[in-house]
Amino acid sequence: MKLHEYQSKQLFAQEGIPIPRGRVAMTAAEARAIAEELGGRAVVKSQVLVGGRGKAGGIRLVNSPEAAEDAATQILGIQIKGLPVRKLLVDEAVGIESEIYLGLTNDRQARCPVLIASAEGGVEIEEVARREPGKIVRLPIDPLLGLREYQARYLAAAIELPREHWRDFIHIASALYRVFQRVDATLAEINPLVVTKDHRLLALDGKMVIDDNALFRHTDIAEMRDLDEDAPAEREARKYGLSYVHLDGSIGCMVNGAGLAMATMDVIELCGGKPANFLDVGGGAGAEKVAAALQLILGEPEVRVVLLNIFGGITRCDEVARGVLSAMPEVRPKVPFVVRLVGTNEEEGRKLLARAKLTSATSLMDAARKAVAAAQGEPLA
Ligand code: GDP
Ligand code: MN
């Protein structure tokens, strides 16, 4: 789960990382009022869950409350990488001496967190990595020892940060590590961490990604989720406890079990087709869940055929069949279905589905072949 800039910076501030004064605005009038509180000069920043807002016109430096209102009106009217802007952060404007990058993530190969710093802050770190990989310093952190002071100092030296800022830098790096650990983040990034004209270090931008699998133990953070920012399909999927990932093929897949779903996608590809999604309806899926899953799949316009692959264990084939049937009147599919049902209550399931006009398959290979043929426009036998 991605956090907004203002949310990330709030978490940073709780650990003692200095951030600019500022507040969130939902309207241009609020933006104006906040700019007024801040003394007139301000930065109006779109709050959307993508990077590169600056380049896209989503960040404006203004000199007066009136200008803040104008900038806010404009920014609230644009989309950034397809996302409409609904919220703004209005921060005090600061004079910048230099911009550095400081981030923490997990290094899967090294199997530990890694602290990353660069003197080339302010631009996307991926871009620096491409252009000047030598300008990025990486420091693995032993999770049992945590970030040691000498490591942060080493990093400060490696990015040639002037010595007068080392104390603050060490303080900020340690705080970033603490918040990263505390909330089970997979990314905590300050870009840019600026040296201000009046010689302070300040986290001007913030980005955090929290491990979804850890949200159960961070209810306060789970509540920060911005439902407006999720694709509608993902929101629906979460509501029903479905694991759903949209892909760009044409064969909609409904499968129970993540492993079987992966195998189904592989066999589709083996037969020359492309899955339109990954969907695991989970074990013991009841009719309601199955119906919701079907709605999701058929809501994607690229889907030209649906492949239902159910291995009934705890999940009962007749329950799944009932779910499919109950969804039919509502979704009124215009595409054919290929169904492979095996396992618990398969006979009953098949009997139920025989009432609907579906193509049944005997094996996964058979099902995939039929689905691929249908996706290519061939009529199903
Ligand atoms: P991003 O483009 O989405 O990463 O947004 P950032 O918050 O990182 O802002 C992009 C750039 O805008 C920063 O690197 C700064 O150069 C500039 N910027 C942001 N806030 C201020 C500010 O208060 N004063 C000045 N002078 N520039 C700012
Ligand atoms: Mn940034």
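Read the numbers this way: they start at 1 and go in the same order the structure lists the ligands and their atoms.
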For [X], the ligand 1 atoms whose distance to one of its heavy atoms is below 4.0 Å:
X      : result
Pro192 : 8 (O), 13 (C), 14 (O)
Val43  : 20 (N), 21 (C), 22 (C), 23 (O)
Arg53  : 1 (P), 2 (O), 3 (O), 5 (O), 6 (P), 7 (O)
Gly122 : 14 (O)
Ala93  : 23 (O)

For ligand 1, note which part of [X] has a heavy atom under 4.0 Å away: side chain, backbone, both or neither.
X      : answer
Asn191 : backbone
Lys45  : side chain
Lys55  : neither
Leu61  : side chain

note = Grouping ILVMFWY residues whenever side-chain heavy atoms fall under 4.5 Å, the cluster of Ile59 otherwise contains Val43, Leu61

[atom]: which protein heavy atom is closest, and how many Å away?
atom                    : result
atom 27 (N) of ligand 1 : Ile96 CD1, 3.3 Å
atom 24 (N) of ligand 1 : Val94 O, 3.0 Å
atom 4 (O) of ligand 1  : Asp205 OD2, 3.2 Å

query = When you measure from the Mn ion (ligand 2) to each N, O or S atom of Asp205, which atom gives the shortest distance?
reply =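 Distance check against the Mn ion (ligand 2) picks out OD2 in Asp205.
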
ask   = Do side-chain atoms of Ser64 reach the backbone of Gly40 as a donor and acceptor pair under 3.5 angstrom?
value = no

query = Between the main-chain N or O of Phe311 and the side-chain N or O of Asn256, is there a donor-acceptor pair closer than 3.5 Å?
reply = yes

query = Does an N or O from Gly54, backbone or side chain, lie closer than 3.5 Å to an N or O of ligand 1?
reply =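 It does: an N or O of Gly54 is found under 3.5 Å from an N or O of ligand 1.
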
query = Who pairs with Glu30 by salt bridge (charged side-chain N to carboxylate O under 4.0 Å, His left out), at least two apart in sequence or on another chain?
reply = none

inquiry  = With a sphere of 6.0 Å drawn around CD of Glu330, does it hold more than 12 non-hydrogen atoms of other residues, nucleotides or ligands?
reply    = no

ask   = Does Arg167 CZ have over 12 foreign heavy atoms under 6.0 Å away?
value =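 Incorrect, the count does not exceed 12.
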
